[in-house]
Amino acid sequence: MDKKNINHIIQLSKELRWQIGDDFHDHLTEGIYADAAQIVNDSVRLKNGKTTNRLDQKIDAIVTSKIWGFPIMFILLGLTLWLTIIGANYPSALLGHLLLDTVHPILKQGSEVIGLPFWLDGFLIDGVYLAVAWVVAVMLPPMAIFFPLFTLLEDFGYLPRVAFNLDHLFKKAGAHGKQALTMSMGFGCNAAGVVATRIIDSPRERLIAIITNNFSLCNGRWPTQILIATIFIGAVVPPLFSSLTALLAVIGIAVLGMFFMFASSWLLSKTVLKGEVSTFNLELPPYRPPRFWKTIYTSLIDRTLIVLWRAVVFAAPAGAVIWLISNIEINNLSIAFHLIQFFDDFGFLIGLNGVILLAYIVAIPANEIVIPTVLMLTVLVTGIDAGVGQGVLFELDSASATGAILREGGWTLLTAVNLMLFSLLHNPCSTTIYTIYKETNSVKWTTIATLYPILLGLAVTFLVAQFWRIF
Amino acid sequence: MEYNPLWALSIFLILIGVLWWFFQPNKGWFWQLKKQSRINEKIIIEDILKQLYHFETSSQKVDMKTLIQVLNYSNHKLLEALNVMGIKHLISNDLNAIKLTESGREYALRIVRVHRLYEKYLAEKTGFHKTEWHEMADSMEHHLSHEEADLLADQLGHPQFDPHGDPIPTRSGQIAEILGTELHLLPIGTVGHITHIEDEPEVIYKQILAENIHIGSLIRVIESNPTRVVFESEGEIFKLAPVVAANLTITLLSAEGDTQQDIARLSSLQKSEKGKIIGFSKEIRGENRRRLLDLGFVKGAMVDLDLVNPLGDPNAYAIKGTSIALRKEQADKILIEKIES
Amino acid sequence: MKTGMTTTCETCPHYTSEGLKKMGVDADQADFVIALAGNPNTGKSTVFNALTGLRQHTGNWPGKTVAKAEGAFSYRGQKYKLVDLPGTYSLLSTSEDEEIARDFILFGQPTITIIVVDANRLERNLNLVLQILEITQNAILCLNLMDEAERNEIEIDVRTLSKDLGIPVIPTSARYKRGIPELLQAISEMANGQTQVQPHKIKRVPPNIEKAVNRLSKEIKKEFPGVPNSRWLAFRLLEGDPQIIQALKTGVFS
């Protein structure tokens with residue numbers, strides 16, 4: 001709706017602009033800065049003639065030095081991860097005990113007392129409640145430790161120095177140094193890592209960081225890796241070395257993830273993303289002592305709870321679906337059973353099986369429930385008695401008991417290796433997919449970010465399976 | 001069929017091979033077919049018009065033979081197109097020389113305008129590498145209408161020159177002037193700015209890019225003979241073959257202008273030195289240029305090297321009270337004057 | 001630098017955070033709308049939190065707040081809505097952040113725009129300040145991080161700065177809640193029309209641009225007699241800013 005006729009003004013502006021020439025913006029900015037310099041000259045006096053802080057310079061000289069720069073970085077990242085994994089064990093076990101072993105039976109009893117029908121009780125308590133409880137128990141403690149630690153480093157001003165130190169490596173892959181940080185954040189949670197890419201203000205490098213964030217093994221996947229490595233890989237070597245070997249296998253997978261991250265970044269920047277604008281600037285802000293409690297509080301609110309809430313929202317329907325497919329029967333067999341049979345051949349081709357594929361499909365919302373789902377489905381298929389009802393997620397206290405069930409389900413070393421690979425290389429969880437959509441506002445990039453890792457995963461597991469069988 | 005891992009593997013590899021054959025960048029069948037299907041009479045006519053225009057501005061005569069040499073079409077298709085052009089009064093054909101008519105020139109100018117505007121667009125608003133601009137603009141020039149070209153011009157702030165330094169005609173046909181001489185013709189000791197870098201043929205253009213020579217740079221000729229041209233620019237020495245040098249156009253500085261012997265690139269600044277920014281290469285474009293200006297990298301600003309990177313790149317520079325890291329290729333394109341501290 | 005930053009006054013009842021009631025996100029039916037603009041990493045969010053009692057995360061990272069956040073407070077019986085704009089270095093480029101900030105200052109028509117700057121890096125911050133002063137008449141400069149400036153032994157003559165810029169300048173250290181009462185006072189006075197302002201206009205533009213801007217600005221004034229920022233609109237028209245052209249056509253400014 002054009003109310004004003006201002007064509008003559010527009011026309012004039014076009015002519016004037018052409019006459020001024022191509023340097024208009026340069027001259028204007030220079031003009032503004034010239035005014036600024038004059039004003040500052042009038043009113044600011046430096047007593048020591050320097051605006052930079054001496055202490056800042058001293059810290060910088062250490063954290064970006066050739067000798068100390070990298071060790072400090074690795075120690076801090078290692079320490080953060082270690083504190084997260086070790087520190088989260090206890091509260092996780094406690095929460096698990098509370099939500100799964102205490103509250104769940106109480107709920108079951110309660111529903112019995114008020115006489116809920118079998119299907120409603122199963123659907124709500126065994127389906128929805130269990131899945132949500134699982135996600136909360138596994139996800140909350142590590143995030144509540146990891147994010148505040150990370151935020152403390154961030155508030156202090158150290159993280160931009162990490163980006164500074166590592167930029168050269170990332171540049172070679174066509175990415176931005178700040179991707180080192182969004183990647184590290186991804187070790188906590190990919191959805192949070194994707195949100196964190198906001199600090200990258202160059203469109204191309206930001207998309208790269210978003211699409212490749214999934215290659216950082218997140219919180220929901222570490223336990224899977226550790227469990228499977230302990231059961232299968234650790235068993236290959238003499239018992240004395242088994243836990244060390246399992247640990248090395250898990251670290252190997254994480255490093256492989258970094259390799260895929262770099263390789264994919266390079267590939268993306270040379271192909272689909274080459275037309276996106278690419279800029280670089282990295283401001284190194286002054287150090288500021290972080291305010292401990294405030295940081296803890298805000299990082300809990302800003303990052304942990306928001307991400308957790310999204311995960312819960314997505315996990316609830318997944319729990320319902322899992323319960324439904326294992327309890328609704330067609331021709332006397334549950335839907336889950338039919339689906340597993342349907343996927344079994346393809347699963348075999350890529351060195352996995354139908355159970356794993358189905359578990360990954362229904363567990364798209366949250367990687368945390370993959371292992372419980374796999375166990376539940378294996379029991380369903382093999383008919384072992386594990387002491388729980390049909391379609392009820394569960395986990396066993398000992399790794400060897402879990403291993404026994406899985407071996408009963410036909411698992412071999414190849415299945416284990418490929419599961420570890422597949423757990424690294426598959427589509428992001430739905431919380432992350434949703435977050436990617438929110439951040440990029442683009443169906444195209446969301447689709448690429450979703451399909452690219454899963455295609456890669458299928459190709460890698462397929463190749464590994466064929467070579468494994470040939471040799 | 002019985003499952004056999006060898007078979008499975010072979011099928012997979014064959015599948016990948018076929019896909020690669022079809023879709024490999026540029027050479028893949030898919031792209032070749034797509035390119036072929038796009039060529040039609042309009043495109044041939046427009047390509048001929050553009051060639052005629054370029055020959056005309058460099059005052060060369062054109063006949064059928066030269067056209068066949070420069071344009072990559074079959075004789076048959078060219079003749080057909082020329083025939084149609086004659087009927088439409090785009091060319092006049094007298095005595096072996098093909099010439100543009102008034103309306104033909106207008107048409108050609110529009111194509112040139114679209115081509116250069118689009119190159120400017122690619123340079124300012126996208127991240128495509130400069131070696132790709134020419135080819136992309138070559139295909140776009142046939143698809144944009146007058147109105148779309150005007151919109152593009154609005155968006156770009158009605159630029160006078162394209163990223164190679166060629167003038168962009170306005171819609172009414174106005175062209176900004178460039179005065180300059182090709183580098184290999186200049187006498188020793190001449191000082192001037194590079195105002196144009198020819199992007200055709202591609203082989204030579206890529207060679208110029210590989211030398212890290214930027215449009216807008218100030219140069220001084222040191223040596224010039226039939227075997228090589230040597231010049232100094234921004235504190236570094238460049239040696240070029242005369243054929244390559246001929247693709248650089250230099251605008252001379254007026255005699256009294258200071259020759260600024262002590263210009264250096266920001267990337268050469270050492271920890272103990274101080275610099276004063278005296279300008280930006282034209283090679284920093286679009287969003288990059290605006291960001292750097294916003295961050296305070298403006299003419300006259302004092303700058304020193306704040307932090308040296310443990311891996312050598314990027315380094316952080318202190319400017320207007322803040323430490324800002326720049327990659328080497330950025331610092332290469334910011335010019336400073338070193339100042340005793 | 002001692003102006004109102006320290007000493008005994010903080011304890012006496014007249015030190016007037018007393019009239020302040022932090023209202024969190026409850027931003028309905030405000031009497032005045034206040035925009036909070038500034039460079040990244042100047043403690044803008046800390047100022048926001050100090051005024052509203054909210055706890056937005058304020059990371060030590062350039063460019064943390066991406067979307068704009070809203071909050072409210074009431075002071076001496078009047079209710080203010082506070083909008084925290086994304087931190088930007090400039091309003092002349094085309095990034096999303098800058099567009100959000102620019103659009104709000106221009107079309108959101110806030111009663112006052114508070115510009116938060118880092119006292120240690122005044123010169124680079126003034127780039128944004130001078131641009132905002134071309135757009136709006138009612139602005140207050142919040143000279144933040146004064147504690148760091150003191151430590152770095154930087155002295156700022158607030159009166160001269162205020163005179164040069166033509167707007168009130170309030171030194172603060174939002175982290176330690178210093179200077180917030182003075183800031184509230186200045187907001188209240190300006191909102192109630194008790195402050196005289198004469199914002200600085202950009203002077204050092206090359207003559208050919210200045211001439212073009214004057215010509216264009218005159219034409220704009222002819223068509224839109226009421227606009228206070230015709231010069232800035234002229235700058236934008238020369239850049240071919242499609243949003244400004246659209247806004248002029250639909251008569252937002254008349």
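Everything quoted here is computed from the prediction, not taken from an experiment. Chain letters run A, B, ... following the sequence lines, proteins first and then strands; every chain starts at 1. The analysis underlying the following values was restricted to heavy atoms, covering all of them including side chains, and did not include hydrogens, waters or symmetry mates.
- Contact record, A:Phe280 with B:Pro314: CZ-CG, 4.1 Å, taken as the closest heavy-atom pair.
- Chain B forms the most heavy-atom pairs under 4.5 Å with one residue out of A:Val40, A:Ile10, A:Thr279, and that residue is A:Thr279.
- If you take CD1 on B:Ile168 and CG on A:Asp22, they are separated by 7.0 Å, rounding to the nearest 0.5 Å.
- The heavy-atom pair separating B:Phe12 from A:Ala459 by the smallest distance is CZ-CB, 4.3 Å.
- In this structure, CG in B:Leu307 is found 6.5 Å from CG in A:Leu284, a value given to the nearest 0.5 Å.
- Using a 4.5 Å cut-off between heavy atoms, B:Glu329 contacts chain A through its side chain alone, with no backbone atom that close.
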inquiry  = side chain to side chain contact (heavy atoms under 4.5 Å, CB included), that's the test. Do A:Leu282 and B:Ile324 meet it? Break it down for me.
reply    = CA-CA 6 Å; A:Leu282 174 61; B:Ile324 291 170; over 6 Å; no
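- A salt bridge does not link A:Asp26 to B:Arg290: none of the charged side-chain nitrogens sits closer than 4.0 Å to a carboxylate oxygen.
- Relative orientation of the A:Phe348 and B:Tyr3 rings is perpendicular, given thresholds of 30° and 60° on the angle between their planes.
- For B:Arg291, the part lying near chain A is the side chain, with the backbone staying farther off; criterion is any non-hydrogen pair under 4.5 Å.
- Within the 3.5 Å criterion, the main-chain N or O of B:Lys299 finds no donor-acceptor partner in the side chain of A:Tyr33.
- Put simply, the side chain of B:Leu311 reaches to within 4.5 Å of the side chain of A:Leu169, judged on heavy atoms.
- For chain A, no part of B:Ala153 is nearby; none of its heavy atoms comes within less than 4.5 Å.
- The structure places CG of B:Asn309 at 8.0 Å from NE2 of A:His168, a figure rounded to the nearest 0.5 Å.
- Between A:Leu16 and B:His158, the closest side-chain pair of non-hydrogen atoms is not below 4.5 Å.
- Contact of B:Leu122 with chain A is not made at all, since no heavy-atom distance falls under 4.5 Å.
- For the set A:Asp201, A:Asn281, A:Asp345, the entry with the most heavy-atom pairs within less than 4.5 Å of chain B is A:Asn281.
- Proximity to chain A (any heavy atom under 4.5 Å) is restricted, for B:Asn315, to the backbone atoms N, CA, C and O.
- A salt bridge does not link A:Glu276 with B:Lys125: none of the charged nitrogens is closer than 4.0 Å to a carboxylate oxygen.
- In this structure, CG on A:Asp60 lies 6.5 Å from OG on B:Ser323, to the nearest 0.5 angstrom.
- Among B:Arg289, B:Glu287, B:His129, the residue with the largest count of heavy-atom pairs under 4.5 Å with chain A is B:Arg289.
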